[in-house]
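To start, the structure itself, in structure tokens.
Just so you know, these numbers come straight off a predicted model, no measurement behind them. Basis for what follows: all heavy atoms, side chains included, without hydrogens, waters or symmetry-related copies.
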Amino acid sequence: MHNIYGDIMEELPQKAKAAMGIYATAVTVAQGSFAFFGLGRDDFIVILVALLITAVVGSYVYIVLFFRHYQYFIADGVIIIKKGALFKRRHLIYIDKISTITIHENFVHRWFKLCTIYFHVQGSVVRLSFVPIEKSDKLQKILDSRN
């Protein structure tokens, strides 16, 4: 007896074989789990909808926390950037150490009148996102006046 799937599998590249194997394993595990717990097709749909709702609510909570903790300050020749929803990060940028400032706007930024500012400091780049354009102009003037 001739196995058509064996011929197809031999012609596929290695990455495609791996992807098909992962997919087949996931389907088998899902089917086995539902059979083990005695769940049917309707239960699968309910679980899928519940997972989708959980993902949407979790994403919303993460975004709210991210923007609540995203701040920047300019004080005593230092720009302090605080950010992080779950894990807090703080960047201290000494104004005297900034070599170049790049302001980036794409079409979404322009729509909401925002921009992203990149501070180039001694071989590294620190990004300050979601800055209103008016504040970026003021920040640019402050940084240009340091010389």
Where do Ile133 and Leu114 come nearest, in terms of heavy atoms and distance? CG1-O, 3.8 Å
Indicate the atoms forming the closest heavy-atom contact of Ser136 with Ile117, along with that distance. CB-CD1, 3.8 Å
Please tell me whether Val121 and Ile81 are part of a single hydrophobic cluster in this structure, the criterion being side-chain heavy atoms less than 4.5 Å apart. yes
Co-membership, hydrophobic cluster, residues Ile79 and Val126, 4.5 Å side-chain: yes
For residues 60-76, dump all side-chain donor-acceptor pairs below 3.5 Å to protein atoms at least two apart in sequence or in another chain.
{"residue": "Tyr70", "atom": "OH", "partner": "Ser129", "partner atom": "N", "Å": "2.6"}
{"residue": "Tyr70", "atom": "OH", "partner": "Ser129", "partner atom": "O", "Å": "3.3"}

Roughly how far, to the nearest 0.5 Å, is the CD1 atom of Ile53 from the CG atom of Leu48? 10.0 Å
To the nearest 0.5 Å, how far apart are SG in Cys115 and CG in Leu128? 8.0 Å
Verify side chain to side chain contact (heavy atoms under 4.5 Å, CB included) between Ile93 and Val78, making sure each step is shown before the conclusion. CA-CA 6 Å; Ile93 306 169; Val78 177; 5.9 Å; no
So, do Lys97 and Gln122 sit near enough that their side-chain heavy atoms are less than 4.5 Å apart? yes
Under the criterion side chain to side chain contact (heavy atoms under 4.5 Å, CB included), I'd like the reasoning laid out for His91 against Lys82: C-alpha separation, chi angles, the key distance, then a yes or no. CA-CA 7 Å; His91 297 283; Lys82 295 180 180 181; over 6 Å; no
Sequence-distant partners of Phe87, side chain to side chain contact (heavy atoms under 4.5 Å, CB included), two or more places apart: none
Before giving the answer on side chain to side chain contact (heavy atoms under 4.5 Å, CB included), spell out for His120 and Ile101 the whole-Å C-alpha distance, their side-chain angles and the decisive distance to 0.1 Å. CA-CA 6 Å; His120 302 268; Ile101 301 164; over 6 Å; no
Which of these, His109, His104, Glu105, sits in a side chain to side chain donor-acceptor pair (under 3.5 Å) with Thr116? His109
Would the number of heavy atoms belonging to other residues, nucleotides or ligands and lying under 6.0 Å from NZ of Lys113 be above 12? no
